[in-house]
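For reference, the structure discussed in these notes is given below.
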Amino acid sequence: MKQVRVMRYAAIRNNQLISDNPTMVFSGSNADRFLEEAYGFLQLIYPKFYKMDSLCKTALLASGALLAQTDLLKKYAPAEVGITLSTRHSSLDTDLKYAESMKTASSPSLFVYTLPNVAAGEISIRHGLQGETCCFIEDFFNAKLHTDYVDQLLALGAVKCCLSGWVDFFENKAEAFFYLAEYSDSENYPLHQSSILDTKYQSIWKS
Amino acid sequence: MSRIQVIADNIISPLGNTTAENFDAVIAGQTAITQISNPKLSPNPFYASMFTHADNTSVENQYTRLEQLCIRSIENALSATNVSLNDKDTIFILSSTKGNIELIENAPQSKELFEKVSLTYTAKKIAKHFSANSKPLVISNACISGVMALITAQRFLEAGIYKHAVVTGVDVLSKFILSGFQCLHAVSDNVCKPFDKTRNGINLGECAATIVLSSAHTGKGISLIGGAGSGDANHISGPSRTGLELSRAVQSAMKQSCLNQQALSFISAHGTGTVYNDEMESKAFEAAGLSEVPVHSLKPHFGHTLGAAGVVESIITYHSLLQGIILPSMNCETAGVSGNILVSKKLTASKASAALKTASGFGGCNAAIVFSKN
């Protein structure tokens with residue numbers, strides 16, 4: 001029976017890139033260099049990366065690991081893949097930098113990153129995804145919110161596949177927990193249920 | 001087709017403290033946008049819609065100005081209903097782009113400050129004021145936040161996860177936000193002129209607006225019958241060149257509503273008054289086959305109220321439906337967009353039963369919702 005399942009995941013935690021794809025696992029040397037090291041590891045060749053703020057870099061790297069060696073657009077039309085993100089600190093890291101720039105000359109290149117959903121925008125540009133995007137602010141990864149929301153998106157046919165999960169960057173700490181949800185009848189993939197997602201998230205966060 | 005019912009609403013803007021006061025002001029062609037000289041916000045005078053001290057809030061208060069506006073808006077909206085946030089079947093959804101961001105402008109950085117500026121902190125404070133029983137939900141999705149909050153509420157109610165939703169959109173003006181749009185050269189040097197050929201930018205506006213939705217269908221009033229979003233995958237701070245992505249969101253929302261264009265009374269566009277936004281929207285509406293449907297923007301009345309925009313403009317939209325009128329698009333003398341659209345020039349009567357509200361924002365996101373008169 002076709003049910004919403006978690007097809008794959010990728011995470012960033014403690015300067016490590018973690019994934020169910022064994023070729024997409026990487027440990028960085030320290031927090032200051034992690035984002036650039038992971039970019040090198042993923043061999044993204046995407047110069048826009050250097051213009052992004054750290055929240056978007058984190059999101060881009062996690063989405064790069066999640067979608068490595070796969071082309072979603074072979075299976076789906078661009079409009080059929082949506083993005084649902086949640087974050088705790090939102091764009092605060094860049095907000096503080098922009099506020100600092102206001103004292104001399106307000107920086108337009110910082111200001112455009114003072115919105116959390118721009119991380120979803122950067123993912124959509126990188127991977128050519130044109131489905132619906134939504135960005136929630138939550139204190140922690142809220143598995144129930146993600147399963148409730150994404151299940152509805154898929155049930156209504158608003159999208160056929162959703163990149164869903166948590167991304168956060170503050171005080172030099174990068175965090176992400178992304179997964180891909182879609183209807184599947186393959187029991188090789190776990191069901192998209194909050195208890196299962198929570199267990200997965202906790203196991204990564206403890207590692 | 002979804003049948004989520006609107007049961008109450010409120011708008012607090014410089015035009016008034018209730019929906020009725022705001023609606024009457026809009027019908028009368030009033031604008032809340034004035035020239036403001038305030039060196040704390042900008043070295044040069046600017047045009048915006050801002051509360052004055054007289055209609056504003058107390059500084060001697062445990063709540064920030066933004067939180068006080070939300071609380072007043074929710075209190076007023078709920079007063080006409082028997083919905084309570086204390087009920088576990090009621091969810092509170094807060095829509096805001098920058099919340100209390102002004103707090104970081106001058107205060108020294110501290111854990112406490114970072115906590116206070118977060119939107120979850122704000123939402124929890126407001127929820128606590130109303131003894132809310134459910135965890136509040138915060139949506140921060142640039143200028144489509146308000147429309148996405150309504151779509152999210154609609155879906156959660158349809159799915160039976162909650163029975164009622166209190167959706168509040170809010171943003172206030174700060175040096176942070178104003179200087180940001182100024183450095184992007186996006187602020188108009190006068191009251192904005194959406195869709196006009198001489199338009200040259202936005203005005204920012206302050207507002208808190210609340211819509212109370214219910215899954216209990218009464219067969220009266222207004223229903224939210226469709227909603228959809230889309231992404232441009234093109235540019236984070238500039239709209240699509242073609243408008244095809246917004247067009248797709250509009251078509252999806254229409255399809256979900258089981259409506260064709262004859263049923264549409266009018267379109268309440270995002271209509272920010274920037275050259276590129278209004279151009280993109282005109283192409284989108286044409287591509288969606290809506291060239292014959294009157295279009296207006298409410299930005300010349302309220303300014304761009306960011307996280308509140310989708311909520312306040314939805315309220316004006318469905319009250320226009322209830323009154324059977326189509327509002328003019330203020331300040332559009334000669335349309336200057338390349339898409340073939342019909343900009344509403346004067347207040348007219350209409351018997352059509354539905355209206356479309358759209359929004360687009362930074363990050364390349366679009367959303368559309370359809371309201372229908374029962």
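Every value quoted in this text rests on a predicted model; they were computed, and no experiment measured them. Chain A is the first sequence line, chain B the second, and so forth, proteins listed ahead of strands; every chain is numbered from 1.
- Neither the backbone nor the side chain of A:A120 has a heavy atom closer than 4.5 Å to any heavy atom of chain B.
- In this structure, the side chains of A:S184 and A:M7 come closer than 4.5 Å at one or more pairs of heavy atoms.
- The aromatic rings of A:F111 and A:Y98 sit tilted, their planes meeting at an angle between 30° and 60°.
- In this structure, A:F141 and A:Y179 have perpendicular ring planes: the angle between them is above 60°, well past the 30° mark.
- Within the 4.5 Å cutoff, side-chain heavy atoms of A:Y46 are placed close to those of A:R126.
- For A:L153, the part lying near chain B is the side chain, with the backbone staying farther off; criterion is any non-hydrogen pair under 4.5 Å.
- With respect to chain A, the highest number of heavy-atom pairs below 4.5 Å among B:I161, B:L119, B:L137, B:T97 belongs to B:L137.
- Heavy-atom distances place no part of A:I123 under 4.5 Å from chain B, backbone and side chain included.
- Looking at B:D232, the atoms closer than 4.5 Å to chain A (heavy atoms on both sides) all sit in the backbone: N, CA, C or O.
- Judged by distance alone, the side chain of A:T87 and the main-chain N or O of A:V167 form a donor-acceptor pair under 3.5 Å.
- The heavy-atom pair separating B:S42 from B:Q182 by the smallest distance is OG-NE2, 3.2 Å.
- Between A:Y149 and A:F136, the ring planes lie perpendicular to each other; the angle is over 60°, past the 30° to 60° tilted range.
- Here the side chains of A:C161 and A:E80 are not in contact, with every heavy-atom distance at 4.5 Å or above.
- Ranking B:S230, B:P136, B:A367, B:A249 against chain A, the residue ahead of the rest is B:S230, based on heavy-atom pairs under 4.5 Å.
- Contact tally against chain A (heavy-atom pairs below 4.5 Å) for B:E245, B:M148, B:R248, B:K175: the top residue is B:R248.
- Using a 4.5 Å cut-off between heavy atoms, A:E100 does not touch chain B at all.
- Options B:S252, B:G363, B:S179, B:G364 differ in how many heavy-atom pairs under 4.5 Å they form with chain A, and the most are formed by B:S179.
- Neither the backbone nor the side chain of B:E102 has a heavy atom closer than 4.5 Å to any heavy atom of chain A.
- Proximity to chain A involves both the backbone and the side chain of B:F181, based on heavy atoms less than 4.5 angstrom apart.
- A donor atom on one side chain and an acceptor atom on the other are not found under 3.5 Å apart for B:N234 and B:S240.
- Interface summary for chain A: among B:E105, B:H235, B:K135, the most heavy-atom pairs under 4.5 angstrom belong to B:K135.
- A donor atom on one side chain and an acceptor atom on the other are not found under 3.5 Å apart for A:D151 and A:T147.
- At least one side-chain heavy atom of A:L35 sits under 4.5 Å from a side-chain heavy atom of A:L61.
- For A:T133, the parts lying near chain B are the backbone and the side chain together; criterion is any non-hydrogen pair under 4.5 Å.
- The most heavy-atom pairs under 4.5 Å with chain B, out of A:E171, A:H127, A:K103, A:R88, come from A:E171.
- Interface remark: B:I236 contributes backbone and side-chain atoms alike to the contact with chain A (heavy atom separation under 4.5 Å).
- Considering only heavy-atom pairs separated by less than 4.5 Å from chain A, the leading option among B:C365, B:S140, B:S237 is B:S140.
- Using a 4.5 Å cut-off between heavy atoms, A:L92 contacts chain B through its side chain alone, with no backbone atom that close.
- Among A:L145, A:V159, A:T114, A:N142, the residue making the largest number of heavy-atom pairs under 4.5 Å with chain B is A:T114.
- Chain B forms more heavy-atom pairs under 4.5 Å with one residue of A:G131, A:A158, A:S109 than with any other, namely A:G131.
- Classified by interplanar angle (parallel below 30°, tilted 30° to 60°, perpendicular above 60°), the ring pair B:F114/A:F170 is perpendicular.
- There is no side-chain donor-acceptor pair under 3.5 Å between B:H304 and B:T272.
- Counting heavy-atom pairs closer than 4.5 Å to chain B, the top-ranked of the candidates A:C134, A:G121, A:P116, A:A105 is A:C134.
- Proximity to chain B (any heavy atom under 4.5 Å) is shown, for A:S86, by neither the backbone nor the side chain.
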